[in-house]
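Just so you know, residue 1 is the first one in the sequence shown, and it goes up from there.
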Amino acid sequence: MKKLLFIDRDGTLIEEPEDEQIDSFAKLKFTKGVFKNLGFIRSKLDYEFVMVSNQDGLGTESFPEDTFWPVHNFILQTLESEGITFDNILIDRHFPEDKSPMRKPGTGMLTQYINNPEYDLAGSYVIGDRETDAELANNLGCKSLILGKDNLTWDKIAEILFAGERIAEVKRTTKETDIYIKVDLDGSGKCDISTGLGFFDHMLEQIGKHGKMDLTIHTKGDLHVDEHHTIEDTGIALGECILKALGDKRGIERYGYCLPMDDCLCQVVLDFGGRPWLIWDAEFKREKVGEMPTEMFIHFFKSFSDAAKMNLNIKAEGFNEHHKIEGIFKALARALNMAVKRDIYHFELPSSKGML
């Protein structure tokens, strides 16, 4: 079955002016990264390209055709010079007030692809820059990639299409804990975290925010006993989830950071090399920070590194215990962000062994 990319024009291939009408060459500017990345997608993948564009009132006095076609044809010719061609070009001329089913997010222009056994709509994407493009994807039963949403760029779109999304879920249920974790390594730092331990939630949120990954962690543990099982099992499940999201690890940087936080200097370096090991060089003089026993910090990171199958080397120095542990979590987040970066133009396993 063929897969499709339904690609918007204005705001996606070319930048959209304030009056939302590209009717002169003076207004024409291609979006950043479109040539390199769309050319890569066209040459490396087997999607059919379908341009789908609303051009309000094209052919009326407000938007004469002789101001549209010269610019439009130049756009197509310029893209073609970089190897980017379209299998179909669909342009709707209705105004929004016409409420035409042909106009995006309506699917009237795309009936040839709907309920057609030749096409895999579930494996297809709409690429656009507006919420109406996401609505079109929903109406078609495919996925959407919205340029600019959550800082999505053409670089990231090409990476997702070529190497896949890195989203994983893990459920872990024992007699002591019930845990659900979801991670998107290529997210924007959105967090939904609840473990029953406020300070632990705050630290885990640092991983998502500063690691620029979307992170959901819902842990229900036997806190009536103590905090041990909740913290340990969350570390295990989080490590499993990140390892699962990494997939075959092709193209990743693999290694990853030290940072200061007020009186503290915290260093976290790691290696997703497949061999778990923890080096811990941090001491705490307080029994607890918030509700979290300081003796559990090393236990969390040991559980996490074991489950993620990574080397983890942690060092912290300073006077304020809160700052030290928060600095460690922030440094971990930045190390993770560095190590999981992918390069689709050098999409190889970063190991001389041939496996990680």
Side-chain angles (χ1 to χ4, degrees), residues 168-183 185 189-211 213-245 261 264 266-270 272 276-316 318 320-336:
E169 294 177 280
V170 164
K171 295 180 181 180
R172 177 184 172 87
T173 302
T174 69
K175 292 180 179 180
E176 299 162 342
T177 57
D178 185 7
I179 299 173
Y180 169 76
I181 294 182
K182 181 177 180 180
V183 64
L185 295 181
K190 296 176 184 176
C191 294
D192 176 11
I193 297 172
S194 175
T195 67
L197 298 169
F199 185 75
F200 192 33
D201 292 352
H202 182 49
M203 293 301 98
L204 293 170
E205 187 177 12
Q206 306 308 310
I207 296 175
K209 291 291 185 183
H210 295 281
M213 60 180 70
D214 294 345
L215 191 57
T216 298
I217 300 177
H218 295 163
T219 299
K220 295 180 181 178
D222 55 356
L223 294 177
H224 61 284
V225 176
D226 71 1
E227 307 86 352
H228 187 103
H229 301 138
T230 292
I231 296 168
E232 177 185 32
D233 289 7
T234 298
I236 293 170
L238 180 59
E240 289 176 353
C241 199
I242 288 177
L243 181 64
K244 186 177 178 181
M261 185 168 180
C264 303
C266 301
Q267 173 182 287
V268 176
V269 291
L270 59 86
F272 281 112
W277 195 271
L278 174 68
I279 297 295
W280 177 263
D281 185 5
E283 294 183 0
F284 300 94
K285 296 176 182 178
R286 286 166 55 183
E287 181 183 352
K288 286 189 175 184
V289 179
E291 315 96 324
M292 190 166 176
T294 53
E295 69 177 9
M296 286 304 299
F297 293 135
I298 184 173
H299 205 65
F300 169 80
F301 287 108
K302 179 66 166 62
S303 301
F304 177 56
S305 63
D306 283 352
K309 295 184 179 180
M310 66 176 172
N311 288 183
L312 191 55
N313 190 307
I314 296 174
K315 181 179 181 180
N320 186 290
E321 310 295 66
H322 183 124
H323 290 165
K324 270 196 291 190
I325 193 59
E326 185 167 345
I328 287 172
F329 272 88
K330 285 180 177 177
L332 170 67
R334 298 302 297 174
L336 287 169

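The list of ring pair (Phe, Tyr, Trp, His ring centres under 6.0 Å) pairs with a residue in residues 277-299, not counting sequence neighbours, reads H228-H299, W280-F301, F284-F297. Screening residues 283-293 for side-chain hydrogen bond (donor to acceptor under 3.5 Å, both in side chains), with sequence neighbours left out, gives E227-K288.
With a 4.5 Å cut-off on side-chain heavy atoms, F304 and L278 do not count as touching. Annotation: side chain of E232 is in contact with side chain of I236 (closest heavy-atom distance under 4.5 Å). Residues M213 and L336 are in side-chain contact: their nearest non-hydrogen atoms beyond the backbone lie under 4.5 Å apart. Two residues are said to be in side-chain contact when any heavy atoms from C-beta on lie closer than 4.5 Å; D192 and H218 meet this criterion.
Considering every non-hydrogen atom in both S305 and P276, the closest pair reads O-CB, 3.6 Å. Pairing each heavy atom of I179 with each of A237, the nearest pair is CG2-CB, 3.9 Å. Of all the heavy atoms in L215 and G208, the pair that sits closest is CD2-N, 4.0 Å. Taking both residues in full, the closest heavy atoms of Q206 and A333 are given as O-CB, 3.3 Å, listed atom of the first, atom of the second, then distance.
At distances below 3.5 Å, at least one donor-acceptor pair connects side-chain atoms of D214 with backbone N or O atoms of G189. The backbone N or O of H323 sits less than 3.5 Å from a side-chain atom of N320, completing a donor-acceptor pair.
The CG atom of L332 sits 6.5 Å away from the CD1 atom of I314 when rounded to the nearest 0.5 Å. In this structure, CD on E240 lies 6.0 Å from CZ on R172, to the nearest 0.5 angstrom. In this structure, K209 NZ and K190 NZ are separated by 10.0 Å, a value rounded to the nearest 0.5 Å. The line from NE2 of H202 to SG of C191 is 11.5 Å long, rounded to the nearest 0.5 Å. Considering NZ of K171 and SG of C241, their distance stands at 12.0 Å, rounded to 0.5 Å. Put simply, CD1 on I181 and OG1 on T216 are 9.5 Å apart, with the number rounded to the nearest 0.5 Å.
Close placement of the F199 and H322 rings is indicated, their centers lying within 6.0 Å of each other.
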field: Steps toward side chain to side chain contact (heavy atoms under 4.5 Å, CB included) verdict (L197, M292)
entry: CA-CA 7 Å; L197 298 169; M292 190 166 176; 5.5 Å; no
Could you walk me through whether F200 and T219 pass the side chain to side chain contact (heavy atoms under 4.5 Å, CB included) test, one step at a time? CA-CA 11 Å; F200 192 33; T219 299; over 6 Å; no
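Take A245 and apply the side chain to side chain contact (heavy atoms under 4.5 Å, CB included) test, not counting sequence neighbours, and it matches A168, V183, L185. For L243, the side chain to side chain contact (heavy atoms under 4.5 Å, CB included) partners two or more places apart in sequence, or in a different chain, are K249, K309. Take E326 and apply the salt bridge (Lys or Arg N to Asp or Glu O under 4.0 Å) test, not counting sequence neighbours, and it matches K330. Residues that satisfy the side chain to side chain contact (heavy atoms under 4.5 Å, CB included) test with T173, not counting sequence neighbours, are D178.
Checking each of L238, T195, T177 against D233 for a side-chain contact (heavy atoms from CB on, under 4.5 Å) leaves exactly one that passes, namely T177.
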